[in-house]
Visitor: 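One structure is given below, represented as structure tokens, and several questions about it will come after.
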Protein chains: 2
Amino acid sequence: MNDRSAQRLAMLQEALASGGTLHLRDAAELCGVSEMTIRRDLSTQPSPISLLGGRLVMASYPGVTPVYDLTEQQASHYQVKHRLCQRAARFIEEGDTLFIDCGSTLIPLLGQLSHFRELTVVTYALNVANSVAALPNVRLVLLGGLFHASSQSFGSDGMRASIERLGINKALISAAGVDCERGVSCFHFHEVAPKQAAIATAMQRLLIVDASKFGIVRPAYFASLSDFDIVVTDDERAPELLNRHPQASLSVTVA
Amino acid sequence: MNDRSAQRLAMLQEALASGGTLHLRDAAELCGVSEMTIRRDLSTQPSPISLLGGRLVMASYPGVTPVYDLTEQQASHYQVKHRLCQRAARFIEEGDTLFIDCGSTLIPLLGQLSHFRELTVVTYALNVANSVAALPNVRLVLLGGLFHASSQSFGSDGMRASIERLGINKALISAAGVDCERGVSCFHFHEVAPKQAAIATAMQRLLIVDASKFGIVRPAYFASLSDFDIVVTDDERAPELLNRHPQASLSVTVA
DNA sequence: CACTGAATGTTATAATTTTAACATTAACGC
DNA sequence: GCGTTAATGTTAAAATTATAACATTCAGTG
């Protein structure tokens, strides 16, 4: 019935998507309205969020809801990733087959996938799978294997081959380190094969990283900057930083 | 510090394991103590359960916590499955590689796996994977593929071969229908391959079903009763019912 | 069998959350 | 610009939940 109300709920839903609870107080402040308004949003509109003793909790099954209060810092950190993902979502088109990387960066993107009629998501991350499993309009393909708790993702020998067999359209890749000369890297070696395979088969390759990763090199190298078509990030100076050795094909988008 | 307290928490944890919230009132009643005692349990002992506005919520990451109140019926239904799983757990030994089937029957078993030093769990179900991912002492192997929301599980062409390649020790299988003559069946056809493969490779095959499944036949047949070594169920009359055509090898355990 | 101390229960009080009623503001058509 | 209505804000009262202090029960011990 109300547009703003729906917007606020979407906002809160994204804040909660990666888990945790949000106090009514903070939710109201985050949205810039009174507590009463949030209450009314929840009771008027159908929503997977529910209010337990003054705290907002997500009710997505099998959505993830660890129970701790979201700190203000976390909520703001989420805002950066949210902006990044909102920008990245513009590159998604109806019917796409997306490869979605592990990590926390791309989690806010998943909520936005419900705006499409039909999509396919390929991933090797448990937390991504959980968020996508709740979306009825998205086909989910999870690449299994041995679970690595550190990155909430799976690894297996056959993964490279499995990925190359799938018709992946767009690869959305995140990273723990990005450096012009020394390339793009992550923490865990088992992530290298799936990332590389996705980059190899996808028709469009997006790198989504917040600016804090620039100039950093992590143990596991997996690609050069020139392997990507698009970089989505949040620093004004990113275009200059990344195009120091200008590569004709790399387009930098600042969210 | 207190034995009973820890026991109560374990009980509540299992009740919450498959999601939902439990009102302090009901938790107290379930444990047969006062609300104050549950409060004290939560504040004294370290536990993944937390109290939000009078309701108990589980805080296992990436444990599943859909937010709705557990009805009394659900809580009691859980009690049957809990008993079944407690009985089934006695067949598990240190170092085992377990195949764990999809469905809700075996979920209460997963909490009990923390009592072992080292185990490996193989599964093709998302909800099982979520519960196991939280256990630091259990190696998790998830068989991926296309996600089927109806059973919260994955299916793929290669699954049969993947399972047969793993050194599975014990297969814990659940079912939607069990009939002496017409065999053991489930709802979804994509579950047939993994179940059969697990039965084929495992050294010990357990069928865990509550008695309400007896005499029922579901669309997808996957095994005969004689394919199992052990049946764990909750009906006194199970031994007679199931051994009407006595099979030398089938041992029936009533929980 | 009384003593002791831990565990649990009970009660009253304090704090918080929820609800409802009414006031205010903002948006929109005329 | 004015009137109308929906949306939001404010306040006070009601309901619920949390805390603290004290009472009771129970198990184990000398």
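Note that these values count all heavy atoms, side chains included, but never hydrogens, waters or copies made by symmetry. Throughout, protein chains are lettered first and strands after them, A, B, ... in sequence-line order, and every chain is numbered starting at 1.
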Visitor: At under 4.0 Å, does any side-chain N or O of B:R25 touch on OP1 or OP2 of D:dT17?
Guide: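 Indeed, a polar side-chain atom of B:R25 lies that close.
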
Visitor: Check the distance between D:dT8's P and A:D41's CG and give it to me in whole angstrom.
Guide: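 About 7 Å, once rounded to whole Å.
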
Visitor: Among C:dG9, D:dA18, D:dG9, which nucleotide has an atom closest to any side-chain atom of B:L51?
Guide: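 Looking only at heavy atoms from C-beta outward on B:L51, the closest nucleotide is D:dA18.
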
Visitor: By nearest atom, which of the nucleotides C:dT8, D:dT19, D:dG9 is closest to the B:M36 side chain?
Guide: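 Output: D:dT19.
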
Visitor: Parallel, tilted or perpendicular: which fits the ring planes of A:F147 and A:F154, with parallel below 30° and perpendicular above 60°?
Guide: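 Judged by the thresholds at 30° and 60°, the geometry between A:F147 and A:F154 is tilted.
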
Visitor: In Å, rounded to the nearest 0.5 Å, how long is the span from CD of B:E29 to CG of B:L24?
Guide: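 Reported to 0.5 Å precision, the distance equals 12.0 Å.
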
Visitor: Think A:T37 has a side-chain N or O under 4.0 angstrom from the OP1 or OP2 of D:dG9?
Guide: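 Yes, because at least one side-chain N or O of A:T37 sits under 4.0 Å from OP1 or OP2 of D:dG9.
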
Visitor: Regarding B:T21 and B:R55, do their side chains bring together a donor and an acceptor under 3.5 Å, going by distance alone?
Guide: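 There is no such pair (donor and acceptor under 3.5 Å, judged by atom type) between the side chains of B:T21 and B:R55.
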
Visitor: Within less than 4.0 Å of OP1 or OP2 of D:dA20, is there a side-chain N or O belonging to B:R39?
Guide: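 So the side chain of B:R39 is outside the cut-off, no N or O lying under 4.0 Å from OP1 or OP2 of D:dA20.
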
Visitor: Please figure out whether A:E35 or A:R40 has its closest DNA chain C nucleotide nearer the 5' end.
Guide: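 Result: A:E35.
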
Visitor: Below the 4.0 Å mark, does D:dT17 have OP1 or OP2 next to a side-chain nitrogen or oxygen of B:H23?
Guide: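 So the side chain of B:H23 is within the cut-off, an N or O lying under 4.0 Å from OP1 or OP2 of D:dT17.
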
Visitor: Hey, is the main chain of B:V33 close enough, under 3.5 Å, to the side chain of B:T37 for a donor-acceptor pair?
Guide: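 Pair absent, no side-chain N/O of B:T37 close to backbone of B:V33.
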
